[in-house]
Amino acid sequence: MRLSQVAAACLSLAFTLTCAAQNAAPAAGAEQFKPTPGYDPSAMDTSVNPCENFYQYACGNFAKLHPIPSDMPEFDQFVNLYEFNTQVLHGLVEKAADVHAASGTNEQKIGDYYSSCMDTDAIDKRGLAPIQPELQRIAALESKQDLAVLVAHLNRLSVGVFLDYGSQQDFKDATKEIAYVDQSGLGLPEKDYYFRTDAKSVEIRKDYVAHLANVLKLLGDAPDAAQAKAQKIMDLETALAKASQGVVERRDPDKIYHMMTLTSFAATAPILDATNYVQLMGSPAVSELNVIAPSFFPALNQAIADTHLETLKDYMRVHLADSFSMRLPEAFDQEHFDFYGRKLLGTPQEQARWKRCVQATDSALGEALGKLYVADYFTPDMKASTLREVHDIEAAMGKDIDQIDWMSPETKVKAKEKLAAVADKIGYPDKWRDYSKLEIKPNDALGNSMRSREFEVAYQLDKIGKPVNREEWQMTPPTVNAYYDPSMNDINFPAGILQPAFYDKDASDATNYGHIGAVVGHELTHGFDAQGAKFDAKGNLHDWWTPADQKNFEQRTDCIANEYSQFTAVDDVKVNGKLTLGENTADNGGMRLAYIALMSRLAQGKPEATTAEQKLEAKFTPEQQFFLGYAQNYCSNARPQFLRMIAQVDPHSPDPLRVRGVVVNMPEFAHAFGCKPGQPMAPVKSCRVW
Ligand SMILES: [Zn+2]
């Protein structure tokens, strides 16, 4: 929840579109996915001059060796490890399903959640019956005056109609958990999808309206009526999109923080009956809340007033059905994939059901399943070695702050205070979530999904007004990702990413610093990127910079934003330098920190190459191994539709540009590979923040 809403910054968004959802799982097919080594010579194309195009040099053969699986929009190291972890989790859920553990145990819940999700015969046989009570509830709405009751009910099921209500740490007082209310309700990825005029965007909108009509037909509407209704739903969503904040605006913490009393918020959208809505959500009483996107709500009020009651009902029916499509008869599932997978991302084939059910189990019972995962796949020595590397990188940041010439001693003191306060979270939480109040039944796919979502919403809302739980994680242990949370001022590395190729115990230190060292440095730098730098050591949105230092910092971040804006993501689509600024700053800063840390380690003496992999690596200098390790984090093969979409919504640059952008800004790279000034990877002008 928090992640979708902006605060935290993660390592990769990839194909799932949310930071949090990138977690994992296969087992029983035991297929092609296995962790790759940190150094993979077969992916390289050594006929390319590294100073001309380092990505091609490090990853030129990757796409040939790794065709994109037909059920994926892309393939890279993240996807590879994600697929591997999915296999591992598959083994665990199948085992739990076979055991038939005592009712109420975590094992029973994991087993029954997964088995019921897999039982498509039972799901098909029941047809629409399980969701009928929900459809009837919508059908029974007689007046807009009663809308709040219905919307709160759907929002409690995480059906994203009209708005989003939840909890967050107070940006200005990180000791407090407060309520927030936010824009929501769009079926397309973000607002600009409703307005871009190029041919591909127009086509996506046409496909989306057809999709809405198809869902209505599956719900029993006549074809002609469905098409007309779909267009009206599209008109409603377009009105909501028009008043929504855009992806760049939402990167700025100041633009998503507006404390208001509940009474004054309620007055901006009387039709929502906010006081009643908050109660119906099951929220603790609130007197004030963060209205993330204030200008959205008067427009929402107007859009609801302007829209026919029947269209509002159709809109809710469609989003309800789409949201639970995987637990409805197969035609719903296929229709959902046809638009969101095939049309939007260009993926030819849907992921196997078992993969999706494993992921759904991870998302419903992530810390119960994650506990089993770490028992098998994350040993205490892995935790210890990661922590050692994290401490090295933090020490490097201290040195970096001492060295930089553009920051005053005054601001440096504050920066170091913030650095010293960063909490390191490695692998998995010290205290696991309690699922005892979540009921999971055999043979009840839809009910299990609905109860899990309500359980999660209630869990999040229950935090409001209570002390902040600093032990909590926002990603499950098998997730192939990492994040920095500015309100917590912590860096978090789930066990799922602390695996080969990101961390490879057989590879050299140099390769590992390029891989996982860069990941650690990336997250740490988020504390000091354009968003993170606005938060202080305690996690409060509070300006700790002198005006002159602030100006120097902005000049430097502007340089990065302009530099990346010149890069082409795909076809005619350029990288959005402003959208990707924080991530690009983190990539650049992270590599510099990892480099400083590696140099300190090498100064203590170079270890002998002992493993077969280290002997292979030894034909490169440690500096070269370091840059190769980094580049090979981002070897990838992606569909053009996917690249187009991430260029529009993802705050991360496309994989090859995460390599190029970093090496062109590091003179250490030119030195390592003997590049001459003016060669493409060693431009005369470059940018540096950290
Ligand atoms: Zn990041």
Side-chain angles (χ1 to χ4, degrees), residues 1-8 18 20 134 137-138 141 144-171 176-187 190-191 237 240-241 243-245 250 253 255-301 303-304 312 315-316 319-320 323 450-466 468 472 474 487:
M1 292 224 159
R2 295 173 174 223
L3 287 160
S4 59
Q5 159 236 329
V6 187
T18 72
E134 299 304 323
R137 197 188 284 266
I138 296 173
L141 182 70
K144 291 180 191 175
Q145 297 314 310
D146 301 325
L147 190 64
V149 182
L150 188 53
V151 173
H153 177 77
L154 291 169
N155 286 172
R156 277 180 68 87
L157 295 172
S158 283
V159 178
V161 286
F162 299 118
L163 75 159
D164 175 29
Y165 178 80
S167 66
Q168 68 167 107
Q169 262 175 285
D170 187 340
F171 278 2
K176 274 168 56 187
E177 286 281 354
I178 56 167
Y180 74 77
V181 63
D182 197 7
Q183 66 190 32
S184 186
L186 307 183
E190 54 89 35
K191 74 174 287 181
E237 287 191 23
L240 303 186
S244 294
Q245 289 180 329
R250 289 171 74 80
K255 295 199 172 139
I256 52 170
Y257 183 77
H258 313 91
M259 291 304 292
M260 286 173 83
T261 63
L262 181 60
T263 322
S264 23
F265 166 66
T268 67
I271 216 155
L272 288 177
D273 192 3
T275 314
N276 195 23
Y277 168 88
V278 164
Q279 259 184 18
L280 292 163
M281 282 298 290
S283 167
V286 298
S287 54
E288 56 172 8
L289 73 177
N290 177 20
V291 183
I292 292 180
S295 54
F296 176 76
F297 292 94
L300 171 65
N301 197 71
I304 293 173
L312 299 176
Y315 164 77
M316 290 186 278
H319 284 291
L320 171 73
S323 172
M450 287 170 58
R451 282 187 298 276
S452 300
R453 291 182 185 196
E454 279 199 276
F455 176 79
E456 178 63 24
V457 168
Y459 175 82
Q460 297 299 339
L461 294 183
D462 186 53
K463 294 177 185 172
I464 296 169
K466 298 216 167 101
V468 172
E472 191 179 46
Q474 297 173 33
S487 292

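Hydrogens, waters and symmetry mates are skipped; everything else that's a heavy atom, side chains included, is used.
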Would a distance-only check, ignoring hydrogens and angles, find a side-chain to backbone donor-acceptor pair under 3.5 Å from [X] to [Y]?
{"X": "E456", "Y": "S158", "answer": "no"}
{"X": "Q183", "Y": "Q245", "answer": "yes"}
{"X": "Q169", "Y": "V468", "answer": "no"}
{"X": "K463", "Y": "E177", "answer": "no"}
{"X": "N290", "Y": "H258", "answer": "yes"}

Taking the side chain as C-beta and beyond, is there a heavy-atom pair between [X] and [Y] under 4.5 Å?
{"X": "F297", "Y": "L163", "answer": "yes"}
{"X": "M316", "Y": "L147", "answer": "yes"}
{"X": "Q168", "Y": "S487", "answer": "no"}
{"X": "L154", "Y": "R137", "answer": "no"}
{"X": "L289", "Y": "I178", "answer": "no"}
{"X": "E134", "Y": "L157", "answer": "yes"}

For [X] against [Y], the heavy-atom pair lying closest together:
{"X": "A179", "Y": "I464", "answer": "CB-CD1, 3.7 Å"}
{"X": "L186", "Y": "S244", "answer": "CD1-OG, 4.3 Å"}
{"X": "L280", "Y": "V149", "answer": "CD1-CA, 3.6 Å"}

Measure the [atom1]-[atom2] distance between [X] and [Y] for me, rounded to the nearest 0.5 Å.
{"X": "Y459", "Y": "S167", "atom1": "OH", "atom2": "OG", "answer": "9.5 Å"}
{"X": "Y180", "Y": "Y257", "atom1": "OH", "atom2": "OH", "answer": "15.5 Å"}
{"X": "Q460", "Y": "F455", "atom1": "CD", "atom2": "CZ", "answer": "10.5 Å"}

Residue set satisfying side-chain hydrogen bond (donor to acceptor under 3.5 Å, both in side chains) with T261, at least two apart, ordered chain then number -> S264

With sequence neighbours left out, the residues meeting side-chain hydrogen bond (donor to acceptor under 3.5 Å, both in side chains) with R451 are D444, N448

So salt bridge (charged side-chain N to carboxylate O under 4.0 Å, His left out) across residues 146-158, not counting sequence neighbours, yields R156-E454

Ring pair (Phe, Tyr, Trp, His ring centres under 6.0 Å) filter on H319, not counting sequence neighbours, yields Y315

E288 meets the side chain to side chain contact (heavy atoms under 4.5 Å, CB included) criterion, sequence neighbours left out, with M259

Sorted by chain and residue number, the side chain to side chain contact (heavy atoms under 4.5 Å, CB included) partners of N301 (sequence neighbours excluded) come out as A269, P270, I271

_Using side chain to side chain contact (heavy atoms under 4.5 Å, CB included), reason through L300 and L272 one step at a time and then give a plain yes or no._
CA-CA 9 Å; L300 171 65; L272 288 177; 4.0 Å; yes

Y277 and V181: CA distance, side-chain angles, deciding distance, side chain to side chain contact (heavy atoms under 4.5 Å, CB included) verdict
CA-CA 11 Å; Y277 168 88; V181 63; 5.5 Å; no

The side-chain contact (heavy atoms from CB on, under 4.5 Å) partner of Y165 among N155, L461, D182 is L461

